[in-house]
Amino acid sequence: MDLSVIILAAGHGKRMRSRLPKVLQPLAGRPLLQHVIDTARALQPASICVVYGHGGEEVRAAFADPDLDWTLQAEQLGTGHAVQQGLPGLDPDHLALILCGDTPLLRASTLTALLDAGGPDRLALLTADMDDPTGYGRVIRDAWGHVAKIVEERDATDDQRKVHEVNTGVMAAPVGLLNGWLGNLKADNAQGEYYLTDVVAMAVADGLTVAAVRAPVASETLGINDRAQLADAEAVFRARAATTLLEQGVTLADPARVDVRGELVCGQDVVIDVNVVIEGRVTLGDGVHLGPNNVVRDAVIGAGTNIHPNCVIEEAQVGERCEIGPFARMRPGVELAERAKLGNFVELKKSVVGPGSKVNHLTYVGDTIIGANVNVGAGTITCNYDGANKHRTVIGDGAFIGSGVELVAPVEIGAGATIGAGSTITKPAPDDKLTLERAKQVTIEGWQRPVKGPKKR
Ligand code: UD1
Ligand code: CA
């Protein structure tokens, strides 16, 4: 059967206590709904319909992708009502897969198993065995072990609440059958809502098979209603990413203390210490060592490079065998050639550092091209901004910039030039010569330091 996916994302998510609609709350740096959409896409369905409502335009605006169909559920009258809004556009002979925007950890392989259990004359239901089933709908089975119905926690008897098999909110059924069942829903329950879950008892009454597929790991069916569940999901996500890295041969000092919120590609023998956060697309070459407390976003780090603790690296290209940090900050647009060194309290922006060059201490380098084997002394600042425009600094190969120098851009330092400490350089400095700008040192004879008088009361 052809597949059409409906994602329910109209609910308020009151229990999050947030201004942001629940499905936009970030998990591993991406909205909950994004995770669900990505998983749905992996199934290559004929269409994906997102039912939206609460936070309407804000939710739509967050997902501009043209492959999504949006259906407004103006009033949130329950999950059954929500599915009803999405059905009219769909081919009655398609298999509808219902996903919830607040269930972001499901794997495509689990959904494929569910779809395999579905068919033209049956309803396939994804269930899970939860250690703590609190808050979920319970799967009630008859004396023969067949699924009979789903009872929401708030409508359940004490005995029913003891059931650990829960409804994950995911089901697959033919569009035509769903349409018929949903037309007969009643809101005679504790929440006064039209429950999607009531279609299970309807399918049974029609003499159809309800095929329950248990999720292989309960944690992937975690539904997120509050901050505690969001934190749980983050931990599941983190553990998954860490397991993948370990399997690929990466050394992790503590798998519970590395967060991969994007795509991380690692070479051989990469070592990642604690409290590292990876965002966007990051590639670490063979033997890269990432020390503790590093944040790396959208960067390529060359083989053998050592990133010492507490660096922030964004949109950077780092060559092989570089040494970075501790406490270095690379803002977007930095390229380091091989064997370059950035030391502590050094900030770089939109700059190129040539092979073997060193910028070791307390320095700001912006809009600058540094050649090969340059030494930039402590406390050097490129004055690249005049309040309105940014200007460039160019430093030739083998130059030596003394400590505490201000390079007032636009300015060019020749190859092999030496700049005396403390200079404010505003004009080109020629190749191979010492250039310095410094007032003459004077000593004032007979000068006396002021002395404090007795304290007045
Ligand atoms: C639902 C299920 C419950 C299941 C649990 C799994 C029902 C009645 N209950 O409960 O059996 O164990 O999910 O996580 O289906 N939504 C709409 N429109 C609405 C109401 C909800 O789009 O009018 C969306 C929400 O945005 C959410 C999803 O449907 O993404 C589930 O709604 P929620 O209120 O979280 O249902 P649960 O109480 O968690
Ligand atoms: Ca939920």
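Counting convention: from 1, in listed order, for ligands and their atoms alike. Nothing here was measured: the structure is a model prediction, and the numbers come from that model.
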Tell me, which N, O or S atom in Asp102 is closest to the Ca ion (ligand 2)?
-> OD2
Proximity of Glu193 to ligand 1 by residue part, where a heavy atom lies under 4.0 Å = neither
Which of the numbered atoms in ligand 1 are below 4.0 angstrom from a heavy atom of Ala10?
-> 17 (C), 18 (N), 22 (O), 26 (O)
Quick one: does Gly78 get an N or O within less than 3.5 Å of an N or O on ligand 1?
-> yes
The atoms of ligand 1 lying under 4.0 Å from a heavy atom of Thr79, numbered in the order shown, are 7 (C), 8 (C), 15 (O), 20 (C), 21 (C), 29 (O), 31 (C), 32 (O)
Which atom pair, heavy atoms only, marks the closest approach of Asp298 to Gly280?
-> OD1-CA, 3.3 Å
Taking Asn189 for its side chain and Glu193 for its backbone only, find out whether a donor-acceptor pair lies under 3.5 Å.
-> yes
Does any donor atom in the side chain of Thr134 or Asp132 lie under 3.5 Å from an acceptor atom in the other side chain?
-> yes
Shortest protein contact, atom 34 (O) of ligand 1 (heavy atom only) | Arg15 NH2, 4.3 Å
For atom 18 (N) of ligand 1, state which one of Gln73, Lys14, Gln76 supplies the nearest heavy atom.
-> Gln73
Would you call Arg161 and Glu153 a salt bridge, taking side-chain N to carboxylate O under 4.0 Å as the test?
-> no
Side chain, backbone, both or neither: Glu152 near ligand 1, heavy atoms under 4.0 Å | side chain
At a 4.0 Å cut-off, with the gap strictly under it, does some heavy atom of Lys22 reach an atom of ligand 1?
-> yes
When distances are taken from atom 26 (O) of ligand 1, the protein heavy atom at minimum range is Gly11 N, 2.8 Å
Closest to atom 13 (O) of ligand 1 among protein heavy atoms sits Gly169 CA, 4.5 Å
Among non-hydrogen protein atoms, atom 33 (P) of ligand 1 lies closest to Asp102 OD2, 4.4 Å
Between the side chain of Arg240 and the main-chain N/O of Leu105, is any donor-acceptor distance below 3.5 Å?
-> yes
Option among Ile98, Leu114, Leu97 that satisfies the side-chain contact (heavy atoms from CB on, under 4.5 Å) test with Leu126 | Leu114
Mark yes when over 12 heavy atoms from residues, nucleotides or ligands other than Tyr194 sit less than 6.0 Å from its OH; otherwise mark no.
-> no
Pick one of side chain, backbone, both or neither for how Thr168 approaches ligand 1, counting any non-hydrogen atom pair under 4.0 Å.
-> backbone
Short version for Leu77: what comes under 4.0 Å of ligand 1, heavy atoms counted, is backbone
Please check if any side-chain donor atom of Glu165 sits under 3.5 Å from a side-chain acceptor atom of Thr127, or the reverse.
-> yes
Atom 37 (P) of ligand 1: protein heavy atom closer than 4.0 Å?
-> no
What is the closest protein heavy atom to atom 24 (C) of ligand 1, and at what distance does it sit?
-> Leu8 CB, 3.7 Å
Min side-chain heavy-atom separation Thr368-Asn384 under 4.5 Å = no
Kindly indicate, with the supporting measurements, whether the criterion side chain to side chain contact (heavy atoms under 4.5 Å, CB included) is fulfilled by Ile301 and Ile324.
-> CA-CA 11 Å; Ile301 313 288; Ile324 298 175; 5.6 Å; no
So which protein heavy atom does atom 28 (C) of ligand 1 come closest to, and at what separation?
-> Cys100 SG, 3.8 Å
Metal proximity, Thr103 vs the Ca ion (ligand 2), N/O/S cut-off 3.0 Å | no
Hey, is atom 15 (O) of ligand 1 touched by any protein heavy atom at less than 4.0 Å?
-> yes
Between His81 and ligand 1, find which residue part has any heavy-atom pair under 4.0 Å and reply side chain, backbone, both or neither.
-> neither
Are side-chain N/O atoms of Asp367 and Tyr385 paired as donor and acceptor at under 3.5 Å?
-> no
Quick one: do Lys341 and Glu323 make a salt bridge, cutoff under 4.0 Å?
-> no
Measure the distance from atom 5 (C) of ligand 1 to every protein heavy atom, then report the residue, atom name and distance (to 0.1 Å) of the closest one.
-> Asn167 O, 4.0 Å
